[in-house]
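Written below as structure tokens is the structure these notes are about.
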Amino acid sequence: MKFEGINHITFAVSDLKKSIEFYKIVFGDRLVAESEKLAYFDLDGVWFALNVEKNIKSQERQRTYTHIAFSMNLENQKKLKEKLANNGISFEDGRCRNSREGVSLYLRDYDGHLIEFHSSNLMDRLKYYSEEREDVKVYV
């Protein structure tokens, strides 16, 4: 079985208009469709969907480390930080980790979804683990 890539990502949101404006700031002018209950962004071939679910209690959602991550180099992370700050969107730097694991920028949307922009890739992470982390079994 071969995976061909990510087809789409969908987040349930409580306020579509507010979420669209938030993601326009984060992703830029990539909105390709919207209705009363849905919106689609094209992220270079990955479709990012927002669907309204009025009964979710986003403010009561437990904040966890469950998230999606997008690849982004350090220069573009810096530009994104400036853009977010200029638009009043708060962000967090990545958790403390060895620099070989890469650098991350995190933010949460209005419904509590955690999004990461990460500067490294899986093979770099596995190389670091195999060379320096005895507690991690690497299988490739």
Side-chain angles (χ1 to χ4, degrees):
M1 177 173 63
K2 182 180 185 307
F3 290 96
E4 297 175 0
I6 293 176
N7 182 279
H8 69 277
I9 299 162
T10 301
F11 281 176
V13 299
S14 57
D15 184 325
L16 186 62
K17 293 291 182 201
K18 204 170 173 181
S19 294
I20 288 171
E21 290 310 310
F22 176 86
Y23 284 108
K24 278 182 173 180
I25 294 166
V26 174
F27 296 138
D29 190 24
R30 295 168 177 255
L31 183 67
V32 295
E34 78 176 281
S35 74
E36 266 186 49
K37 297 189 180 206
L38 64 83
Y40 297 157
F41 289 81
D42 180 1
L43 307 181
D44 298 324
V46 175
W47 141 35
F48 184 83
L50 304 173
N51 279 10
V52 174
E53 289 188 26
K54 290 290 184 186
N55 295 325
I56 59 174
K57 297 179 180 174
S58 59
Q59 302 309 319
E60 295 175 16
R61 181 179 295 163
Q62 184 173 358
R63 305 280 180 166
T64 70
Y65 189 61
T66 300
H67 65 280
I68 61 169
F70 296 97
S71 295
M72 182 177 282
N73 66 39
L74 294 174
E75 181 180 327
N76 285 324
Q77 279 188 31
K78 182 180 177 184
K79 290 177 186 175
L80 179 59
K81 275 183 174 182
E82 289 174 16
K83 181 177 164 183
L84 296 173
N86 290 338
N87 284 280
I89 297 173
S90 59
F91 55 86
E92 309 168 18
D93 289 319
R95 58 188 167 86
C96 292
R97 58 169 65 126
N98 185 292
S99 62
R100 288 186 59 193
E101 291 182 274
V103 175
S104 294
L105 172 69
Y106 293 94
L107 60 115
R108 287 194 189 270
D109 72 5
Y110 298 111
D111 290 291
H113 300 108
L114 182 61
I115 302 167
E116 175 184 7
F117 297 92
H118 188 70
S119 68
S120 188
N121 62 50
L122 177 60
M123 294 315 293
D124 289 341
R125 175 77 56 96
L126 295 177
K127 184 174 189 232
Y128 161 69
Y129 284 168
S130 67
E131 292 174 357
E132 296 190 34
R133 296 276 307 266
E134 293 179 14
D135 62 314
V136 179
K137 292 179 184 177
V138 176
Y139 300 108
V140 292

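- The neighbour count for Asp29 CG, taken as heavy atoms of other residues, nucleotides or ligands under 6.0 Å away, does not exceed 12.
- With Glu92 contributing its side chain and Leu107 its backbone, the two residues share no donor-acceptor pair below 3.5 Å.
- For the residue pair Tyr110 and Asp15, no side-chain donor N or O sits within less than 3.5 Å of a side-chain acceptor on the partner.
- Atoms CZ and CD1, on Arg108 and Ile89 in that order, are 14.5 Å from each other to the nearest 0.5 Å.
- Rounding to the nearest 0.5 Å places CZ of Phe11 at 4.0 Å from CD1 of Ile68.
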Could you please spell out the steps behind the side chain to side chain contact (heavy atoms under 4.5 Å, CB included) verdict for Glu132 and Asn98? CA-CA 10 Å; Glu132 296 190 34; Asn98 185 292; 4.0 Å; yes
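- Put simply, the side chain of Asn121 gets close to the backbone of Met123: a donor and an acceptor are under 3.5 Å apart.
- In this structure, the side chains of Leu105 and Met72 stay at 4.5 Å or more apart for every pair of heavy atoms.
- The shortest side-chain heavy-atom distance between Phe91 and Lys81 falls under the 4.5 Å cut-off.
- Note: the hydrophobic cluster containing Val46 also contains Leu80 (ILVMFWY, side chain heavy atoms under 4.5 Å, direct or indirect links).
- Residues Leu126 and Tyr139 form no side-chain contact, since every pair of their non-hydrogen atoms from C-beta on lies 4.5 Å or further apart.
- The number of heavy-atom neighbours closer than 6.0 Å to CD of Glu36, taken from other residues, nucleotides and ligands shown, is 12 or below.
- Under a hydrophobic-cluster definition in which Ile, Leu, Val, Met, Phe, Trp and Tyr are linked whenever side-chain heavy atoms come within less than 4.5 Å, directly or via other members, Val103 and Tyr129 are assigned to different clusters.
- Remark: the backbone N or O of Glu101 is paired with a side-chain donor or acceptor of Arg125 at under 3.5 angstrom.
- Taken from OG in Ser19 to NZ in Lys24, the straight-line distance is 12.5 Å, to the nearest 0.5 Å.
- A salt bridge links Glu34 with Lys17: the distance from a Lys NZ or Arg NE/NH1/NH2 to an Asp or Glu carboxylate oxygen falls below 4.0 Å.
- Side-chain atoms of Gln77 and Ser119, non-hydrogen and from C-beta on, do get closer than 4.5 Å to each other.
- Rounded to the nearest 0.5 Å, atoms CG (Leu31) and CD1 (Ile20) are 5.5 Å apart.
- Atom CD1 of Ile115 sits about 10.5 Å away from atom NE2 of His67, to the nearest 0.5 Å.
- In this structure, the side chains of Val26 and Phe48 stay at 4.5 Å or more apart for every pair of heavy atoms.
- Among residue pairs with one or both ends in residues 37-52, those qualifying as side chain to side chain donor-acceptor pair (under 3.5 Å) are Arg30-Asp44; sequence neighbours excluded.
- For Glu134, the CD atom counts as loosely surrounded, since its 6.0 Å shell holds 12 or fewer non-hydrogen atoms of other residues, nucleotides or ligands.
- More than 12 heavy atoms of other residues, nucleotides or ligands shown are found within 6.0 angstrom of NZ on Lys83.
- There is no path of hydrophobic side-chain contacts, each under 4.5 Å, that joins Leu43 to Val32.
- Contact of the Phe41 side chain with the Leu50 side chain is registered, since non-hydrogen atoms from C-beta on lie closer than 4.5 Å.
- In the hydrophobic clustering, Tyr65 connects to Tyr106, Leu114, either directly or through intervening members, whenever side-chain heavy atoms lie under 4.5 Å apart.
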Would you check, one step at a time, whether the test side-chain hydrogen bond (donor to acceptor under 3.5 Å, both in side chains) holds for Asp111 with Ser14? CA-CA 7 Å; Asp111 290 291; Ser14 57; 2.7 Å; yes
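- Among all heavy-atom pairs drawn from Ser120 and Arg100, the shortest one is OG-O, 4.3 Å.
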For the pair Asn76 and Lys79, evaluate side chain to side chain contact (heavy atoms under 4.5 Å, CB included) and give the outcome as yes or no after the intermediate values. CA-CA 5 Å; Asn76 285 324; Lys79 290 177 186 175; 3.8 Å; yes
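- Under the 4.5 Å side-chain heavy-atom criterion for Ile, Leu, Val, Met, Phe, Trp and Tyr, Tyr23 and Ile6 are members of the same hydrophobic cluster.
- Counting heavy atoms from C-beta outward, Phe27 and Phe70 have side chains that approach closer than 4.5 Å.
- Here the CG atom belonging to Leu16 is positioned 12.5 Å from the NZ atom belonging to Lys18, to the nearest 0.5 angstrom.
- For Lys78, there are no side chain to side chain donor-acceptor pair (under 3.5 Å) partners two or more places apart in sequence or in a different chain.
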